[in-house]
Structures are given as structure tokens and as C-alpha cells.
Amino acid sequence: MLSRLTVDLDALAHNHGVLKAAAGGAEIAPVIKADGYGLGAGPVARRLHAEGARTFFVARLEEGEALRRELGAREAAILVLDGVKPASISRLAAATLTPVLATRDQAEIWTGGLRVLHVDTGMNRSGVSLEQAQTLASTGFRPDLVMSHLGSAGEPDNPRNAAQLERFKAALALFPAARASLAATAGIYLSAEYRFDQVRPGIGLFGGGPREVPDDRFRAVALLTAPIVEIRALKAGDQVSYGATFTATDDMQIAILPLGYADGVLRTAHKRGAAWLDGAPARFVFITMDLIAVDVTDRSAAPGDEVELLGVHARLDDLAAAAGSVAHECLVRLGARTERVYVGAH
Ligand SMILES: *Cc1c(COP(=O)(O)O)cnc(C)c1O
């Protein structure tokens with residue numbers, strides 16, 4: 001009797017199709033860093049390759065090496081956001097990985113085939129400044145792809161988006177022959193101007209909405225379920241769990257589930273979040289390391305009944321909001337301990 005993480009690869013393919021339609025002809029380059037947002041970069045990338053994806057982004061060198069093995073003989077460019085250092089050149093080359101060049105030094109030491117330049121347009125996280133890009137251009141550096149990343153694309157009305165777009169266009173003017181990539185999931189839905197030649201969706205592929213609220217165009221890819229192990233009756237006034245997280249105000253029934261934050265369910269969701277049982281929400285009573293309780297007062301619930309913690313009813317963006325986090329974090333945590341099962345063509 002264990003919790004189970006089901007990864008629905010058909011839902012992944014569906015979401016890929018939704019993003020492709022929205023991207024209006026731009027190449028879809030899936031971002032599958034952190035082991036495919038915790039869902040398994042190998043199976044995810046193989047299915048997306050079958051759907052037509054030929055460029056993948058990862059964060060770390062090790063993720064790139066693992067992905068190259070997982071893709072086997074399939075042809076695909078793998079771009080590593082972490083870039084290059086002198087010590088990693090030979091490993092990048094050996095696995096045919098392309099570093100995303102984010103400093104002038106990196107642009108100078110990388111002599112490999114594909115050259116990808118990350119320009120900072122106002123997120124202040126990584127990438128060369130516009131001035132540095134200018135210097136690179138004047139010394140004859142010619143990237144094949146110029147990319148940048150938006151910091152507030154989830155908020156369409158935020159003026160930061162237009163400001164970043166303008167700076168990105170200024171960077172592109174320095175490298176007229178390069179392809180361009182700016183939008184992640186949220187950016188795809190800002191407007192056509194933001195899509196350029198390539199878009200880099202991550203969370204949308206896995207069912208997260210571009211506006212951080214559930215979006216019915218996308219299907220749930222991660223389904224987390226657990227069977228009830230025990231029903232416990234509480235009397236009014238009973239104190240529950242560590243530090244008496246919860247005190248029953250009335251007589252009630254709680255169902256105990258065999259998973260916890262060690263399996264990736266964010267502990268901070270316990271005050272506002274809910275799991276789903278029989279098509280209706282059952283709010284969390286506590287989330288501890290190995291056990292979760294949900295309120296099943298006046299519900300027909302018995303040991304063995306399946307409870308959905310994430311999926312079609314328990315929406316990813318709702319859980320993220322309840323936890324005070326983002327869908328991305330909710331997903332990447334899931335990889336930890338739970339048995340992972342793949343369904344759909346793969
Ligand atoms: C993570 C990341 C993405 C994907 O973002 P989503 O919000 O998951 O679509 C795209 N580009 C860069 C540079 C990233 O770091």
C-alpha cells in the first residue's frame with residue numbers, strides 16, 4: 001500500500017500540441033531541467049522527440065550527459081543553461097552538448113559547433129549585459145541563437161515585459177543572422193511579438209497554466225495518488241500531530257495517507273490545500289514527513305480507497321497556491337521517494 005506517481009505521457013503530448021498551436025510556428029524547445037521537472041527526463045524527452053521536438057534545454061552538465069544517454073541514437077540538440085567552464089569543455093563535447101554562453105569568458109572559450117548566447121534583458125540572474133553583447137559583436141562573435149528570459153511573463157500587464165522585449169530586440173540587432181528565443185510557457189501567451197523563432201516551455205508541458213492558475217487547455221501529466229491506510233475518529237478538542245497543528249472543533253473523521261513531505265507534498269499546503277476523494281475535495285489536516293491526514297467527516301471513506309493529491313481534480317496550480325509556491329516547485333519535489341509509473345505511448 002504505497003503512494004504512486006503516474007506520469008501520463010499522452011497528456012504530455014497533448015500539452016505539447018497546445019503549446020505548439022499557441023506558438024504560431026516558433027520551434028518548441030522543451031525545458032526539461034531537474035530530471036524533467038521531477039517526472040523523468042528520459043521518458044519525457046523520448047515522447048517529446050516523437051512529437052517532433054529536436055532541441056532540449058537542461059540546467060546542469062550532468063543532466064545533459066544523462067539526457068544524451070536517454071535519447072540514444074535520436075538526433076537532438078541539448079542545450080545546457082549552466083554554460084561552460086574550462087574544466088567542462090571536454091565533457092560537453094564528448095556528449096555533444098551545447099552550453100548556453102552567459103558571460104564573455106564563456107563566449108571566448110567555447111569553440112564548439114553551435115553557439116548560443118544568453119543576454120540579460122532585465123531579470124538580473126544570468127546572461128551578458130547589452131554592453132558586453134556589443135563588445136562581443138564588435139570582436140566578431142557570431143552566435144547561432146540569442147536567448148533571454150522574462151522575469152514577469154505571468155503578469156501580462158507588467159511593464160517589465162515590454163521593457164525586456166525592447167532590450168531583447170536591441171540585442172538581436174547586434175546579431176542579425178542569429179535565431180532568437182525569449183518566451184517560456186508564460187511568455188508564449190503574452191503576444192505574438194514575444195515568440196520569435198523558438199520558445200522554451202517547461203511547466204506548460206507538464207500541465208501548469210501560463211498564469212499560475214488552473215488552465216483547462218492543459219492536461220495533468222503528474223497524477224499523485226495514495227490509498228487510505230486508516231480512518232481515525234477525533235473527538236471535539238482532540239489535538240492532532242506535531243505541535244498540535246490542528247485541534248478538532250467537533251467530532252470528526254480523518255483519513256491517514258501513506259505519504260508526506262518526504263515524497264514531495266509541500267508541507268506548507270496543509271492549512272489551505274485539499275486532496276480529492278470521490279470527486280470532492282477533502283482538506284488537509286496535517287502533512288508530516290511520512291503521513292498526511294485529510295478530513296473525511298461525513299464522507300464514505302474506507303481503508304484502501306484511493307485519494308488524489310495531484311491530478312485531474314487536485315490541480316497542480318491549486319496545490320502550488322495553497323502551499324504559497326509555484327507549480328514548478330510542486331513538481332520537482334515529487335521525484336524523491338514515490339514509485340513512478342508511466343502511462344501512454346512511450
Ligand atoms: C526554467 C526555464 C524555462 C522554462 O520555464 P517554464 O516557466 O517552466 O515554462 C525557460 N527558460 C529558462 C532560461 C529557464 O530557466
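Scope of the values below: all heavy atoms of this structure, side chains included, with no hydrogens, waters or symmetry mates. One-based numbering, in listed order, for ligands and for the atoms of each.
Remark: Tyr194 engages no residue in a side-chain hydrogen bond (donor to acceptor under 3.5 Å, both in side chains) (not counting sequence neighbours). In this structure Ala153 satisfies the side chain to side chain contact (heavy atoms under 4.5 Å, CB included) test together with Leu150, Asn161, Ala186, Leu190, sequence neighbours excluded. By the ring pair (Phe, Tyr, Trp, His ring centres under 6.0 Å) test, Trp276 pairs with His313, sequence neighbours left out.
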Using the rule given for side-chain contact (heavy atoms from CB on, under 4.5 Å), can you reason through Leu172 versus Phe196, listing the C-alpha separation, both sets of side-chain angles and the distance that settles it, and then say yes or no?
CA-CA 11 Å; Leu172 291 179; Phe196 295 95; 3.6 Å; yes

Show your reasoning for whether side chain to side chain donor-acceptor pair (under 3.5 Å) applies to Thr297 and Asp295.
CA-CA 6 Å; Thr297 308; Asp295 184 353; 2.6 Å; yes

Which protein N or O atoms sit under 3.5 Å from any N or O of ligand 1? Give each pair with its distance.
{"unit_1": "ligand 1", "atom_1": "7 (O)", "unit_2": "His328", "atom_2": "NE2", "d": "2.9"}
{"unit_1": "ligand 1", "atom_1": "8 (O)", "unit_2": "Tyr37", "atom_2": "OH", "d": "2.5"}
{"unit_1": "ligand 1", "atom_1": "8 (O)", "unit_2": "Ile203", "atom_2": "N", "d": "2.8"}
{"unit_1": "ligand 1", "atom_1": "8 (O)", "unit_2": "His328", "atom_2": "NE2", "d": "3.1"}
{"unit_1": "ligand 1", "atom_1": "9 (O)", "unit_2": "Thr185", "atom_2": "N", "d": "3.0"}
{"unit_1": "ligand 1", "atom_1": "9 (O)", "unit_2": "Thr185", "atom_2": "OG1", "d": "2.6"}
{"unit_1": "ligand 1", "atom_1": "9 (O)", "unit_2": "Gly202", "atom_2": "N", "d": "2.8"}
{"unit_1": "ligand 1", "atom_1": "9 (O)", "unit_2": "Ile203", "atom_2": "N", "d": "3.4"}
{"unit_1": "ligand 1", "atom_1": "11 (N)", "unit_2": "His149", "atom_2": "ND1", "d": "3.4"}
{"unit_1": "ligand 1", "atom_1": "11 (N)", "unit_2": "Arg200", "atom_2": "NE", "d": "3.0"}
{"unit_1": "ligand 1", "atom_1": "11 (N)", "unit_2": "Arg200", "atom_2": "NH2", "d": "3.2"}
{"unit_1": "ligand 1", "atom_1": "15 (O)", "unit_2": "Lys33", "atom_2": "NZ", "d": "2.6"}
{"unit_1": "ligand 1", "atom_1": "15 (O)", "unit_2": "Arg125", "atom_2": "NH2", "d": "3.3"}

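Within the 3.5 Å criterion, the main-chain N or O of Ala95 finds a donor-acceptor partner in the side chain of Arg68.
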